[in-house]
Amino acid sequence: MSLKKIVILFSGEGTNLENLIQKLHQKSVMVVGAITNNPDAKGIQKAENLGVAVTILNHKAFNSREAFDTKLVEIIQNLKVDLTVLAGFMRILTPIFTDQIKAINIHPSLLPLFKGANALERSFESEMKVGGISVHEVVTEIDGGKIIMQECFDKSDMDFETFKKRIHKSEHVLFPNAVMKVLTSH
Ligand code: GRF
């Protein structure tokens, strides 16, 4: 049976992008491409080093979110993927995207807590004893879709740098598992 296809969207460092390609590409899925809105994203080199082509779609070249999303949807649909995976893709998406594209996202908090920007900082600074991560379906409400997988850990004695490293470590284990869970669930 042929492997299912995914495309990965990212905006920055791309450690999750790199990890997903290393763990899954050509073994459990085909990563048929990656797309970034940021021409300076560090992840571009990471993907290309691993043999995955990157399309740069600079949001600054579009005069509305809808125009950007229309082009993004067109590119994704041409790739004929089974799933779109958002790995640090820092764009608010309109219904043009969310109504047409089946996508999942990783978020550095225990949703439904700390939705939206700076979740990592807000989660760290909160009085909660635990921090965590969530993988969820992408819907129009930011970080509001159905939760697919979560993990939490005790953060009571951590400084911010340790907390950040712990988040990434968990993300790099959970996210590939969540991608496979979604792809094999029907
Ligand atoms: C991750 O912490 C993820 O939870 C959030 O953006 C960050 C991306 O990091 N959505 P990286 O680019 O994968 O290193």
Side-chain angles (χ1 to χ4, degrees), residues 6-25 29 31 33-50 52-59 69 72 83-93 97-98 101-126 128 130-153 155 158-182:
I6 66 168
V7 61
I8 304 174
L9 276 49
F10 67 101
S11 299
E13 271 316 306
T15 65
N16 280 285
L17 160 87
E18 182 176 49
N19 176 67
L20 287 169
I21 298 171
Q22 284 170 334
K23 297 226 169 102
L24 302 179
H25 185 45
V29 301
V31 181
I35 304 171
T36 184
N37 64 305
N38 173 12
D40 300 320
K42 300 254 171 54
I44 296 171
Q45 198 61 53
K46 292 187 173 92
E48 288 178 350
N49 287 347
L50 293 166
V52 171
V54 180
T55 302
I56 299 170
L57 189 66
N58 190 342
H59 61 279
D69 282 4
L72 182 59
L83 183 66
T84 296
V85 177
L86 275 56
F89 188 60
M90 307 304 283
R91 296 294 303 160
I92 294 171
L93 294 160
F97 182 98
T98 54
I101 300 295
K102 179 183 171 181
I104 64 172
N105 178 49
I106 187 143
H107 187 73
S109 79
L110 271 185
L111 290 172
L113 298 171
F114 312 115
K115 291 178 182 172
N118 304 319
L120 203 130
E121 290 78 4
R122 288 185 290 131
S123 167
F124 176 72
E125 281 157 18
S126 86
M128 288 179 66
V130 295
I133 57 170
S134 307
V135 177
H136 64 91
E137 293 176 1
V138 175
V139 295
T140 311
E141 186 202 341
I142 295 173
D143 303 317
K146 191 177 139 209
I147 294 165
I148 298 160
M149 279 179 129
Q150 286 184 306
E151 189 184 304
C152 69
F153 54 86
K155 73 173 178 65
M158 288 184 185
D159 61 23
F160 183 63
E161 280 312 305
T162 313
F163 177 72
K164 214 164 130 181
K165 278 195 192 122
R166 184 68 177 77
I167 289 274
H168 277 115
K169 193 176 157 208
S170 289
E171 288 185 341
H172 294 171
V173 176
L174 192 80
F175 208 9
N177 291 338
V179 169
M180 293 320 295
K181 180 178 176 187
V182 173

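Every number for a ligand or one of its atoms is a count from 1 in the order of the listing.
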Counting only non-hydrogen atoms and a 4.0 Å cut-off, the residues near ligand 1 are E13, G14, T15, N16, G88, I106, H107, P108, H168, E171

query: Do S109 side-chain atoms and A119 backbone N/O form a donor-acceptor pair below 3.5 Å?
result: no

Residue set satisfying salt bridge (Lys or Arg N to Asp or Glu O under 4.0 Å) with E121, at least two apart, ordered chain then number -> none

### Query
Are more than 12 heavy atoms from other residues, nucleotides or ligands located less than 6.0 Å from atom NZ of K42?
no

Quiz item: Is a donor on one side and an acceptor on the other found under 3.5 Å between the side chain of T36 and the backbone of F10?
Solution: yes

Those residues at least two apart in sequence (or on a different chain) that pass salt bridge (Lys or Arg N to Asp or Glu O under 4.0 Å) with K46 are E13

Between side-chain atoms of residues 145-152 and protein atoms elsewhere (two or more places apart, or another chain), which donor-acceptor pairs fall under 3.5 Å?
from : atom 1 : to   : atom 2 : distance (Å)
Q150 : NE2    : L111 : O      : 2.9
Q150 : NE2    : S134 : OG     : 2.9
E151 : OE2    : S170 : OG     : 2.9

